[in-house]
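What follows is a short report on a single structure.
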Amino acid sequence: MLQVMQRDHKLRSYTLNSVCAHFLGEQKEEVHHSIITDLQNGNDESRRRLAIYCLKDAILPQKLMDKLMCLINYLEMARVTGVPFNYLLARGQQIKVISQLYRKAFEQGLVIPALKSEGSDDQFEGATVIEPERGFYNVPIATLDFSSLYPSIMIAHNLCYTTLLDNKGIEKLGDIDYITTPYNNAKFVKVHHRKGLLPTILEDLLSARKKAKADLKKETDPFKKAVLDGRQLALKISANSVYGFTGATVGKLPCIEISASVTAYGRQMIEKTKQEVENHYTIANGYQHDAHVIYGDTDSVMVKFGVDNLVDTMALGREAADYVTKKFVKPIKLEFEKVYFPYLLINKKRYAGLYWTNPDKWDKLDTKGIETVRRDNCLLVQNVIETCLRKMLIDRDVSGAEEYAKKTISDLLQNKIDMSQLVITKALSKSDYSAKQPHHELAERMRKRDAGSAPTLGDRVAYVIVKSAKGAAAYEKSEDPIYVLENNIPIDTNYYLENQLSKPLLRIFEPILGDKAHSLLAGDHTRVVQIATPTIGGLMKFAVKTATCLGCKTPLSKNDTAVCRHCKPKLGELYQRQLDIVNKLEVHFARLWTQCQRCQGSLHQDILCSSRDCPIWYMRKKAQKDVQDATNLLERFNYAW
DNA sequence: ATCGGGGCCTAG
DNA sequence: TAAGCTAGGCCCCGAT
């Protein structure tokens, strides 16, 4: 399940506890490894605790698998691609494409050559990203997308290993119909001579995706919908990796003529689309305004038709998509997908907009590339940018957004921000770094402290930036959050303002406020500064997951955790030791529980919510459920409390 | 202070 | 050994 999670979901942390909190809303029974032997050698009570821990650790992955329908999805993938089930986790995308190629080749009596893979550093040219006209747009912007651009190019032009012609082939075959692609005049025979294997595979994948999407439309259960959405996405990725496979020089069967022709066609198509739209939707042709393409990436164009209302923009978008589709070979299709209104275009691959598919109600706030969707920022940055964008784009309350940003800066400088909001995570992806890096240097330091618990290659390293000598580099100031808490090391709040918060804030405010945006970073709210010592809030002491004593079932008083004071001596010293360890681990939970899981209200000293509408009630419910779960587990194994 | 490159992560 | 692709923003380090 760890592999599944890492493959299928982009998360900040992949620990069992964190993943379960995210998808299931429940957590592990934590037992530190150092006391397992003692628990086993202890008494009935301690062994019971150990048993619950083991059962819970076993049932959680099972619950994840069920809830995310992993087995069904993976089985389906295995069937579509024809690879053994375990390949889906043990191996990559290539084997899936190869497997499908073998199938189709066998049907046609073809043999696939066993090439020696060479690998090369040269890249071929990729897609076009249209130079954005950056700014804030308070008019509807229509988005037109080619659906499955690369697969549809390969199908439309019959691009395949089995259709590629070289000069010898053309001489030998004489009178033959072929096309010449925009890459290096590569030539491919037309479909009536021979239909390529790749186009056939792609058609299969796309029709399977069509079916998944149709099922998705019919489904009403939100969770099953999410799963079907995941399936159609998987099929889309599989279809797109066919193109990737042909361009993989380290792969089994690279063919740059195919991959480079695909991207070359793509570049021509996005350019042609821009031209067609801009040339047709003009005042000269009887439209109200001259349309203008303000941005586009690979397979999409963002069009400003100049109209100020959603209904007309959507009508024009649909019409334009059909108009352009007619200029291309089947099955290439340009689709009108959505309108952004308003739209904040910050840079290439960086934008935010309110997303509309029907003119009555917006669907969502869509953000691409900016801090809200990146995992290498701290939560503070993510949350403040997200909140400001919502205020600006949904509420259209720019001054409210300014106020919020100023308040956050003020809170940060006064050390009122929870440390869990300041944790930055980055993947440790290489063992040798040419320049020193904060996360790598920290991993080294942690390794020297305790090699067992330090992050290793591939792990995500969590760190905060702490106060240090003036002018010290970031890699000298990165520190393990747990170490910071244990040693009461002050946080460098100024670093968070200067290096984390200020630029992202300026980037979203400047297009609207202009130079005035800089006032966000200088003013009274930046004056009050307090010495920063780390605080922990919003914690979930995992031991406090029960409302009644785990031993005698009497209600727990506020100061008790897990067991009442009468039962506590039964667990004795072991229990204390575990609590100590738990307290040190609290920061892990702090990352998860900074908001009430029910009403999203801020949490402070405890998991309990501060909102009046959502008091202890939720925790009681959850605690009761946890006890019920544990009891059920025990009953299944003929235990009883 | 500026700039190029390494590193990370994302868009598509 | 086995490994889908390219484009590109942005942060940080380190050389100039």
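Per chain, numbering begins at 1; letters A, B, ... match sequence-line order. Every value quoted in this text rests on a predicted model; they were computed, and no experiment measured them.
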**OP:** May I ask you to say what A/S259 touches in the nucleic acid, namely base, sugar-phosphate or nothing, with a heavy-atom cut-off under 4.0 Å?
**Re:** nothing
**OP:** For A/D432 and B/dC8, give me the distance from atom CG to atom P, rounded to whole Å.
**Re:** 12 Å
Original post:
Nearest of B/dA11, C/dC13, C/dC5 to any side-chain atom of A/A473?
Top reply: C/dC13
Subject >> Nearest to side-chain heavy atoms of A/Y495, which nucleotide of C/dC11, C/dA3, C/dC12 >> reply: C/dC12
Original post:
At under 4.0 Å between heavy atoms, what does A/V373 touch on the DNA or RNA strands: base, sugar-phosphate, or nothing?
Top reply: sugar-phosphate
Original post:
Any side-chain N or O of A/H439 under 4.0 Å from OP1/OP2 of B/dC8?
Top reply: yes
Original post:
Would you say C/dG14 has OP1 or OP2 under 4.0 Å from some side-chain N or O of A/Y475?
Top reply: yes
Subject >> A/E444 and A/R447 ion-paired at < 4.0 Å >> reply: yes
**OP:** Inspect the surroundings of NZ in A/K187 and state if more than 12 heavy atoms from other residues, nucleotides or ligands are less than 6.0 Å away.
**Re:** yes
Original post:
Rounded to the nearest Å, what distance is computed from the CG atom of residue A/N377 to the P atom of nucleotide C/dC12?
Top reply: 10 Å
Original post:
Can you check whether A/Y351 has a side-chain N or O nearer than 4.0 Å to OP1 or OP2 of B/dA11?
Top reply: no
Original post:
Looking at C/dC12, B/dG7, B/dC8, which one has an atom nearest to any side-chain atom of A/Q437?
Top reply: B/dG7
Original post:
Would you say a side-chain N or O of A/R507 is under 4.0 Å from OP1 or OP2 of C/dC11?
Top reply: yes
Subject >> OP1 or OP2 of B/dG7 under 4.0 Å from side-chain N/O of A/K430 >> reply: yes
Original post:
NA contact type, A/V129, heavy-atom cut-off 4.0 Å: base, sugar-phosphate, or nothing?
Top reply: sugar-phosphate
**OP:** Output the single nucleotide from B/dC8, C/dG4, C/dG14 whose closest atom is nearest the side chain of A/Q94.
**Re:** C/dG4
**OP:** Quick one: label A/K349 by what it contacts on the DNA or RNA (base, sugar-phosphate, nothing), any heavy atom closer than 4.0 Å.
**Re:** base
Original post:
Does OP1 or OP2 of B/dT10 have a side-chain N or O of A/K10 closer than 4.0 Å?
Top reply: yes
**OP:** Under 4.0 Å between any heavy atoms, over every strand shown, what does A/G244 touch: base, sugar-phosphate, or nothing? Just pick one.
**Re:** base
Subject >> Nearest-angstrom distance from the residue atom CD1 of A/I346 to C1' of C/dG9 >> reply: 11 Å
Subject >> A/K348 NZ - B/dC9 C1' separation (whole Å) >> reply: 18 Å
**OP:** Mind checking A/K503 for me? I need base, sugar-phosphate or nothing, with any heavy atom below 4.0 Å counting as a touch.
**Re:** sugar-phosphate
Original post:
Where the side chain of A/R91 is concerned, which of C/dC12, B/dC9, C/dA2 is the nearest nucleotide?
Top reply: C/dA2
Subject >> Pairing of A/R374 and A/D376 as salt bridge, 4.0 angstrom limit >> reply: yes
Original post:
From B/dC9, C/dA2, C/dG14, pick the nucleotide closest to the side chain of A/A435?
Top reply: C/dG14
Original post:
Is any side-chain nitrogen or oxygen of A/R350 closer than 4.0 Å to OP1 or OP2 of B/dT10?
Top reply: no
Original post:
Nearest-Å distance, CD (A/E125) to P (B/dG12)?
Top reply: 19 Å
Original post:
What integer distance in Å separates A/Y463:OH from C/dC12:P?
Top reply: 8 Å
Original post:
Between A/K338 and A/E335, is there a side-chain N and carboxylate O pair less than 4.0 Å apart?
Top reply: no
Original post:
Would you say A/N240 reaches C/dC5's phosphate, i.e. side-chain N/O to OP1/OP2 under 4.0 Å?
Top reply: no
Original post:
Is A/D297 salt-bridged to A/K349, cutoff N-O under 4.0 Å?
Top reply: yes
**OP:** May I ask you to evaluate whether A/Q123 reaches the phosphate of C/dT6, defined as a side-chain N or O under 4.0 Å from OP1 or OP2?
**Re:** yes
Original post:
Of all the nucleotides listed (C/dC12, C/dA3, B/dC8), which has the minimum atom distance to the side chain of A/S429?
Top reply: B/dC8
Subject >> Which nucleotide in C/dC10, B/dA11, C/dC12 has an atom nearest any side-chain atom of A/N347 >> reply: C/dC10
**OP:** Could you tell me whether A/E476 and A/K436 have a side-chain N and a carboxylate O separated by less than 4.0 Å?
**Re:** no
Original post:
OP1 or OP2 of B/dC9 less than 4.0 angstrom from a side-chain nitrogen or oxygen of A/R460, does that happen here?
Top reply: yes
Original post:
A/D376 CG to B/dT10 P: how many Å, rounded?
Top reply: 6 Å
**OP:** Name the closest nucleotide to the A/R374 side chain, picking from B/dG12, C/dC12, C/dG9.
**Re:** C/dG9
Original post:
Should the ring pair A/W356 and A/F341 be called parallel, tilted or perpendicular, given that the plane angle runs from 0 to 90° and is split at 30 and 60?
Top reply: tilted
